[in-house]
Amino acid sequence: MNTVIIDGLAFAIPLFIIAIGGIYSERSGVTNLALEGFLGFGAFFGAAAVMVLTGGNLAGIEIPMFFAALAFAMIGGALFAMLHALLCVPFKANQVISGVVINILATALTAFFTSQINTYLLGKPTNKFVLGICERFTVPVISKIPVLGAFFTDVYYFIPIIIVVALFMTYMLYKSRFGLRLRACGDNPHAVDAAGGNVSRTRFIAVMISGALSGLGGICFAYSISSSFSPSIYAGYGFLAIAALIFGNWKIGPTLAACLFFGFARSGGHQLTQTLSLPSAFQDVISILPYVLTLLLLVFFSSTNRAPRALGEIYDKGKR
Amino acid sequence: MRGKDNRLPNPITRGFLGVIGNEKRQSISIPLFAILLSLVAASIVILLLGKNPLTAITSFLQGSGILPKPDYAAKKSILTDFMSMINMWTPMIFAALAVAVALKTGLFNIGVSGQMLVAGFVATITVGYSNLPAAIAMPLVLVIGLVCGGAVGALIGWLKHKFNINEVVTSIMLNYIFQYVTSYFINSYYVNPVSRQSQPISQAARLTLVDVNIASLGLKMDIPLAFLLTIPVAILVLFLLNRTRLGYELKIVGLNQKAAKYAGIKVGRSMVSSMAISGALAGLAGVTLYLGYYNSIQPRVLTSVGFDSIAVCLLGNSHPIGILFSSLLISIISKGSNYMSSIMGVPQEIAQVITGLILLFSACGAYIRFRVAQAREDFPGKKLKPRAQKVKEGGDEA
């Protein structure tokens, strides 16, 4: 049971921050299928920065470098997201297509640069940066509580960081002036314009925030699931985050529930195959659990789903 | 050459406008312009690596059998390379057509890869592992591909129509489900212990004839039979969209759902049939990939063809004939990348980067169109300059 909670949380929380990134972009009216690319490029940027800073030798300074990686991943994600923002906002490209193109480009660029950087740094063109696993901590007293204590046992360092960021982003989206503008841009951009807001700028910033948050989520996946940056980071987590946010009806609270659901269903499935000591091929059957359950739940809940009204529409000042 | 004058430093706004042409011609000239821009950007990347971009471009063409290589191994020639490029091109065409049909109805089929996998898997275990003679097996493979893909597509459309489930989410979920389910079956029943892939299918069921000895030419080559279908299917899709009642309804639903409903078109039925057609085409792509280009399935891996095809479809303006050309271009680049990389000593990943750049610039097509229209309105003159700069900015970003 404890493993289910610990692993589930370690998967759900990075997924959640990526989904928040998606919510920011989509609530501002920009369809974002590029989350996959953002998280990959952000993770690449963070990992590459650490490699370049340390020359490939991480021994002894893992923890400060971990924080550096988080910061650089957010910067890298935001910079890369500018490309999507540039295409979608001033260049008026089709947002869905731009997203797909960004994903393809991210995969290509990161693979190319990873092998280039490794050639210069280590002398061999490998396709991954080895980062190691993020440190964990256990809260002394609370972790002794049965069941609930598992939430405070062996927690990755990045989990509290993400939770703080997520709280701040939630506050910003729902309580700040910028957040109000942003949400209005997704529902009625002309009203924002009439009220003196700048639709293009708000959307541009929203997409960049989305990139930064996805980069953060991406580097956390790199530090937990694979303990390295490699092309395996493109395992569809970005798409899963999109599914989570649509499932969560573009609201942060329900999206958290969806992410936790994915995380626990995933780790629960793993645990189930282990306790029943099923042959490893059964792992695959159990792995479909979160996806099948999502589809079933959607059958019951999605009739009330409502996307932001201006989602995917290119803002045209002259249109009535 | 079109667009050569664009690269001249100063003048030529007027010439540029003339070259880009009117709206009808723009559907061709703007993608070409995007390709040109991306080639320039790619050349800069290759220059930065200290290599000659012209050699790189020629070696792409040589590797994919468009231009002759300096020398060939025994029983190989330019024709061998060309046939093997066509082998790769075939599934890409079907997959991009699948995306195009859905897109015309305003639906986004991101599940092409999953539909391809299902179709390929079912055809593999039914016909691929049977002893049927080729004359029965091959048509059967195609039919199974069409039916399986179509069924999945129809399911996605039906869920959208009946329960308002966003087709993007359904497709993504189904992609995962298919990936794991087929992986389970392959690993449990059909795995080849050496390659860790599914057992190779029987030669009779494979849509590509492999290593055929052509005595008269003294060559050995692959012959992708399914390629014969691509052009008729593309024309069929064009006919469906432009000349039939169903196609008309699909397009109207895509343009304006409310208007379509008001005009008495059954929106739900249109969405289901559009996704069914799209899925069927994806199924064709699947069988030509897994029972043609390959002869086995790697468990737990979704092919990137399904995702690339989305962008290929865009590059071809979602037009069946345009798609034939855009998919050719992308196939040349991916097929030629091996040879290019060995000739130039640059990593093979650069091919992916170039593909990405082409798609990136073609995504800006709408913007170029918009600026051209604006410049034309303002009188062909000074106004076009900022446009050229803007596009450059996008390039630097990439």
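Letters go in sequence order (proteins before strands), and every chain restarts at 1.
Atoms CD1 and NZ, on B:I368 and A:K92 in that order, are 14.0 Å from each other to the nearest 0.5 Å. Interatomic distance, A:N94 CG to B:S318 OG, rounded to the nearest 0.5 Å: 8.5 Å. Rounding to the nearest 0.5 Å places CG of A:D284 at 9.5 Å from OH of B:Y184. Atoms OG1 and CG, on B:T170 and A:L298 in that order, are 7.0 Å from each other to the nearest 0.5 Å.
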A:F239/B:I110 under side-chain contact (heavy atoms from CB on, under 4.5 Å): CA gap, chis, key distance, verdict: CA-CA 10 Å; A:F239 294 118; B:I110 198 174; 3.6 Å; yes

Test side-chain contact (heavy atoms from CB on, under 4.5 Å) applied to A:I104 and B:F307, step by step: CA-CA 8 Å; A:I104 294 174; B:F307 296 100; 5.5 Å; no

Pair B:M173-A:L240, side-chain contact (heavy atoms from CB on, under 4.5 Å): steps then yes or no: CA-CA 8 Å; B:M173 295 294 135; A:L240 203 58; 4.1 Å; yes

Derivation of the side-chain contact (heavy atoms from CB on, under 4.5 Å) call for A:I288 and B:V181: CA-CA 8 Å; A:I288 67 172; B:V181 169; 4.0 Å; yes

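Only the side chain of B:V168 comes within contact range of chain A, judged by heavy atoms closer than 4.5 Å. Of the atoms belonging to A:A235, it is backbone heavy atoms, and not side-chain ones, that fall under 4.5 Å from chain B.
A pairwise comparison of heavy atoms in B:A363 and A:A93 identifies O-CB, 3.1 Å as the closest pair.
At least one side-chain heavy atom of B:F108 sits less than 4.5 Å from a side-chain heavy atom of A:L33. Considering only heavy atoms from C-beta on, A:F300 stays 4.5 Å or farther from B:F163 through its side chain. Between A:L295 and B:I177, the closest side-chain pair of non-hydrogen atoms falls below 4.5 Å. A:L83 has its side chain within reach of B:L360: a pair of non-hydrogen atoms, C-beta onward, lies under 4.5 Å apart.
Atom CZ of A:R201 is surrounded by 12 or fewer heavy atoms from other residues, nucleotides or ligands within 6.0 Å. Around atom CZ of A:F112, more than 12 heavy atoms belonging to other residues, nucleotides or ligands sit under 6.0 Å away.
No option in A:V299, A:I246, A:T294 other than A:V299 meets the side chain to side chain contact (heavy atoms under 4.5 Å, CB included) test with B:I165. Each of A:V101, A:I102, A:V100 was evaluated against B:L359; a single residue qualifies, A:V101, per the side chain to side chain contact (heavy atoms under 4.5 Å, CB included) test.
Taking B:L174, B:N187, B:I354, B:I350 one by one and counting their heavy-atom pairs under 4.5 Å with chain A, the maximum is reached by B:I350. Among the candidates B:L302, B:L49, B:N175, the residue making the largest number of heavy-atom pairs closer than 4.5 Å to chain A is B:L49.
A distance-only check finds a donor-acceptor pair linking the side chain of B:Y176 to the backbone of A:G236 [under 3.5 Å].
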